[in-house]
Amino acid sequence: MIDFPKNYDFSVSELKWQKFWEEKKLYESHPDPAKKKFSIVIPPPNVTGILHFGHMLNNTIQDIYSRWKRMEGYEVCWVPGMDHAGIATQVMVEKELAKEGKTKYDLGREKFIELVWDWKEKNGGVILKQLRKLGASVDWSKERFTFDEGLSNNVRKVFVDLYKKGLIYRGNRIVNWDSVSQTVISDDEIFYEERNDKLYFLKYFLENSDAYIPIATTRPETLFGDTAVAVNPDDERYKMFKNKRVILPFLNKLIPVIEDSYVDMTFGTGALKITPAHDINDFEVGQRHKLEAITVIDRNSRLNKNTGEFEGLDIPEAREKIIESLKKLNLWIKEEDLIHNVALSDRTKAVIETSLSEQWFVNMKKLAEPAIEVVENGLIKFYPERYTKVYFHWMKNIRDWCISRQLWWGHQIPIWYNKNSGDIYCDINPPEDLENWRQDEDVLDTWFSSWLWPLSVFGWENSENDKQNEVLNYYYPTDFLSTAPEIIFLWVARMIMAGMEYMKQIPFKEVYFHSTVRDGKGVKMSKSLGNFSDAISLMDKYGTDSMRFTIVYLAPLGNDVLFDEEKTQIGRNFVTKLWNAGRFIMMTKDKLSDLKVDQLQDYKEDLIDKWIESRYNSTLINAERYLSEYRLNDYTKTIYSFVWSDFCDWYIELIKIKINEYSNYSHTIITSAVNYYEKILKILHPVIPFVTEELWHLIEEGREDKSISFERIQKSVKNGIDLTSEENFETFKEIVTSIRNLKVENNISAKTPSQIKIISSDQKFEDKITTFKDYIIKLCNLETLEFLKSIDSSEKYGTAVINNYEIFLLLTDGAASAVDVSKLEKEIEGLEKYVAGLQKKLSNQNFLEKAEGVIIDKEKQKLIEAEQKLIKMKSLINNS
RNA sequence: GGGCGGUUAGCUCAGUUGGUUAGAGCGCUACGUUGACAUCGUAGAGGUCAUUGGUUCGAAUCCAUUACCGCCCACCA
């Protein structure tokens, strides 16, 4: 006899199995040519990261596929790891330093990097511990870090290779400069904030004339960098200025008036000053018109030597002084209030200065071509499918990738400049006579290492040896990638490009973009908004399985998850239900184990057995289908309803009757119940791994060294569905529900034994019912259940009319009135409308000519049934 | 501003190629607790499928329009 606790203690169980799985190295994978493989690489979380709801959802999804495929017999490999996350990590350590009143410059580059490594060893990687807590069945022996040696080598190799192919170049481009962190940041690290600002109107006088062109600008301090004034070619107002020159204030320099359709005639004055060095659009206009780009703001956001008397001033100061001077010079018109978006740095909240800077770029056009093709050809599929459009739009308009970052924590660019000759040396290893060379100070964008992730984690070396790389050849391409939609360009698209360039093969076959997790009101969860519940503490409170189940249950493909603490009930209640069903089965098994052999008889299968087998097969077919379509919520829902509605509400209740009435069958009955229960545990294991492992061990002795995660889930079989049994069972449920309802309506306690009479026009109906007559009697607590041709009208009855049969509940003394007339009338009214609608449809020539025969027959059948029902209901009302 | 989605019961969502009196879970209401489970059971009430128009014998489903919501991209001097 197994001790089966009344309550499930998830905290003990989860720790136990987490340890068991890892210590036994169950999920370590090795290439096995005899088996089909299934491989996934984790989207490497930041080394600074902690597990939030997005991670919980994403890693649960990956775990579901890993576990399901493993149970289907695949050699599954799910590779974990982390990203060194340049800016995020560096900023974190810099903040620590700041507490001691120090900056990174006090330490110097080398010492600072050492410090970051220390920080990583001590505080980094919290999220990997949390992945263990989540139950992620990853292969820990393959854990990688984007900054570890192998991956760093890969990064250098790829840089050198692209450089030698001429795809990496150094160029002057407009970049986003964060003057606080002193680095260039990408567009993705910027957010926009609406601010109240001023729009200033200035006069730029025409050369040798009293006429001026009015300029509207929010940034008068950049006028020193103006190299043109632009107007729209269609703008009649400035016709006289076209192809002439105007005088730039202060510098008295002549700049041309150019025409460019980029200029919006309706905004400001319709005349725009062009400052190619400090605005992305101006830069583009400048390129079109071959204008010079003059930098006037330095890296500390101060005006530089090109601004004459204003040199050294910061921006607000300079702006004020410039306006003052313009007024004195009579170059001032007016100012207006303006609400516009200001770009700010995600990390430092500093106002972003767009300025011209020398950076390293990757030319993306060539790399993008094959990456577009493989998605067009369907070699890579996106779920939800609509992301393919988003992908194409971006890929077909791809811009060059600025890969240099002015940080210390990251892969330093493998470029050396000769101190004497200025020659450039680019190689994986430093030049031999190092004292004559100076390495480029910049590091590479973090994504420059993560775009190689699917190759590098499997030991890619970009050499001839690759062909002998058994591990890489076995696992690449991976089968599945699950990630957040916001990194489709930053990461997903780039991995495809790297995969095509270096493996000549796609990096993954299917990409799932998971739901964004929002709070109950639909607001994206974030720490700053304070609507952020701590995922880990909720796991402690409700159990990991409950959280996993709930979050997947709430995550439909392509939609957001609206999550709040209250909703964890779904998962928690389900886990409890599953536990209690197991407890019932085990208790019953124990109780019946005393039965002697001579008490057993041959077990006769009945409707229940056929029905539950069919329901199981339907559930399995659905589960497989939903998983293959990445409809994870439907996968959980279909199993949920099988377990709760079919197995617990009906199957177990009927088992109870079988056992109480025919205890001599019970061994077979309980064997069968255990069998279905184990099947349930298996198909649920991918989503709720801990409790299913616990239950699987409790349900049968002798499994100490085994894990449910290696039990096989057999593929579904189509002919496992028995529609007749399912339909008959539905009729059975319909009768039971109707009788229970009749009792409630007539104020008869469920416990009171009642007499039921059923009248049917269908001769076969009685035969059909007979097979489950006894179950009806027991479930509804009946004294008698009779089939009659007519009813004794001297008695009072509660009645239910159901299609081709009627149920009569005999009302004994003191029972309430037999028929609720008003309710019945309402029903009749609805039914009459329905019948009229059908009649109209069936007398419509067009319908009869154009609709398919099957449809017409179906409608005719509906009409017959409805008319029958109507007649019965009317007679009911007449009799009352 | 450009692109892409969405709008079905109080809430969150299903609804296959147009042919149901439109479904589920949660919530709500009533009743029910000594034998798996009150984290439960039984039963019930709830929707003119966002608007308007069109295609069709027939529209939640296809097309167009409007309104609102969301996401992504670009960012306006």
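What you see is a predicted model, and the numbers here were worked out from it, not measured in a lab.
- For the pair A/Trp650 CH2 and B/rU42 C1', the computed distance is 10 Å after rounding to whole Å.
- For A/Trp394 and B/rG2, the CH2 to C1' distance is 17 Å, given to the nearest whole Å.
- Between A/Arg625 and A/Lys751, the residue anchored closer to the 5' end of RNA chain B is A/Arg625, taking for each the nucleotide with the nearest heavy atom.
- Nearest nucleotide to the A/Arg583 side chain, out of B/rC37, B/rG35, B/rA77: B/rC37.
- With a cut-off of 3.5 Å on both pairing distances, the Watson-Crick and G-U wobble pairs of RNA chain B assemble into stems of 3 or more at B:1-7 with B:67-73, B:10-13 with B:23-26, B:28-32 with B:40-44, B:52-54 with B:62-64.
- For A/Asp646, the side chain to side chain contact (heavy atoms under 4.5 Å, CB included) partners are A/Trp611, A/Arg615, A/Phe642, A/Lys733, not counting sequence neighbours.
- One donor-acceptor pair, N or O on each side, does fall under 3.5 Å between the base of B/rA36 and the side chain of A/Glu653.
- No contact: A/Glu385 has no heavy atom under 4.0 Å from any strand.
- Between A/Arg219 and B/rC76, a side-chain N or O to OP1/OP2 separation shorter than 4.0 Å is absent.
- Side-chain atoms of A/Asn580 do not come within 3.5 Å of backbone N or O of A/Arg583 as any donor-acceptor pair.
- The heavy-atom pair separating A/Met586 from A/Phe4 by the smallest distance is CG-CD1, 3.5 Å.
- Listed nucleotides: B/rA36, B/rA14, B/rA77. Nearest to the side chain of A/Phe584: B/rA36.
- For the OP1/OP2 pair of B/rA43 and a distance below 4.0 Å, the side-chain nitrogens and oxygens of A/Thr737 include at least one atom meeting the criterion.
- Side-chain contact check for A/Thr218 and A/Asp197: no donor-acceptor pair (N or O, by modelled atom type) lies under 3.5 Å.
- Of the possible donor and acceptor atoms, one in the side chain of A/Asp279 sits under 3.5 Å from a partner among the backbone N and O of A/Asn281.
- For the side chain to side chain contact (heavy atoms under 4.5 Å, CB included) test, residues two or more places apart in sequence or in another chain that qualify with A/Tyr542 are A/Leu538, A/Ser546, A/Glu565, A/Thr568, A/Arg572.
- Taking every heavy atom of residues 270-283 of chain A and every atom of RNA chain B, pairs under 4.0 Å involve A/Gly270, A/Leu272, A/Asp279, A/Ile280, A/Asn281, by number.
- Protein atom CD of A/Glu745 is 17 Å distant from nucleotide atom P of B/rG32, rounded to whole Å.
- A/Ala216 comes within 4.0 angstrom of a nucleotide base, judged by non-hydrogen atoms across all strands.
- Using a 3.5 Å distance cut-off with no hydrogens or angles, the side chains of A/Glu867 and A/Gln839 do pair a donor with an acceptor.
- For B/rC37, neither phosphate oxygen OP1 nor OP2 lies less than 4.0 angstrom from any side-chain nitrogen or oxygen of A/Asn573.
- Residue contacts shown for A/Ile652 include a base, since a base heavy atom lies under 4.0 Å away.
- Evaluation of the ring-ring contact (aromatic ring centres under 6.0 Å, His included) rule for A/Tyr238 yields no partner, not counting sequence neighbours.
- With C1' as the reference atom, B/rG15 and B/rG6 are 16 Å apart, rounded to whole Å.
- Donor-acceptor pairing under 3.5 Å, judged by distance alone, is present between the side chain of A/Lys577 and the base of B/rC37.
- Comparing the same atom, P, in B/rG47 and in B/rG10 gives a spacing of 7 Å after rounding to whole Å.
- Between A/Asp634 atom CG and B/rU16 atom C1' the separation is 12 Å, expressed in whole Å.
- A/Lys396 NZ: more than 12 foreign heavy atoms inside a 6.0 Å radius.
- With distances taken from any side-chain atom of A/Leu199 to the nucleotides B/rA77, B/rA14, B/rC72, the minimum falls on B/rA77.
- Side-chain atoms of A/Phe647 and A/Tyr676, non-hydrogen and from C-beta on, do get closer than 4.5 Å to each other.
- Atom CG of A/Asn580 is separated from atom C1' of B/rC40 by 9 Å (rounded to the nearest Å).
- Nucleotide B/rG46 carries a syn base; the chi torsion (O4'-C1'-N9-C4 or O4'-C1'-N1-C2) is within 90° of 0.
- In this structure a side-chain-to-backbone donor-acceptor pair under 3.5 Å is present from A/Asn746 to A/Leu742.
- Taking the ring centre of A/Tyr553 as origin, the terminal cationic atom of A/Lys637 falls inside the region bounded by 6.0 Å and 45° from the ring axis.
- Comparing A/Tyr626 and A/Asp649, the nucleotide of RNA chain B nearest to each residue sits closer to the 5' end for A/Tyr626.
- Atom C1' of nucleotide B/rA74 and atom CD1 of A/Ile174 are separated by 16 Å, given to the nearest angstrom.
- Atom CD in A/Glu284 sits about 11 Å away from atom P in B/rC76, given to the nearest Å.
- A cation-pi contact, defined as under 6.0 Å to the ring centre and within 45° of the axis, is absent between A/Lys840 and A/Phe847.
- Of all nucleotides listed (B/rA74, B/rA77, B/rG35), B/rA74 comes nearest to the side chain of A/Arg399.
- To the nearest whole angstrom, the two C1' atoms, one in B/rU8 and one in B/rA59, are 14 Å apart.
- Note on A/Arg740: only backbone sugar-phosphate atoms sit closer than 4.0 angstrom, heavy atoms only; bases stay farther off.
- For A/Met587, whose side chain is taken as the heavy atoms from C-beta onward, the closest listed nucleotide among B/rG35, B/rA77, B/rC37 is B/rG35.
- Remark: of the listed residues A/Leu632, A/Leu57, A/Ile570, A/Ile570 is the sole one forming a side chain to side chain contact (heavy atoms under 4.5 Å, CB included) with A/Leu554.
- Rounding to whole angstrom units, CG of residue A/Leu554 and C1' of B/rA14 are separated by 14 Å.
- As rounded to the nearest Å, B/rA9 and B/rG23 have P atoms that lie 14 Å from one another.
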Dump the pairs, protein N or O against N or O of nucleotides 18-28 of chain B, anything under 3.5 Å, distances to one decimal.
unit_1 : atom_1 : unit_2   : atom_2 : d
B/rU21 : OP1    : A/Tyr834 : OH     : 2.5
B/rG25 : O2'    : A/Tyr553 : OH     : 3.4

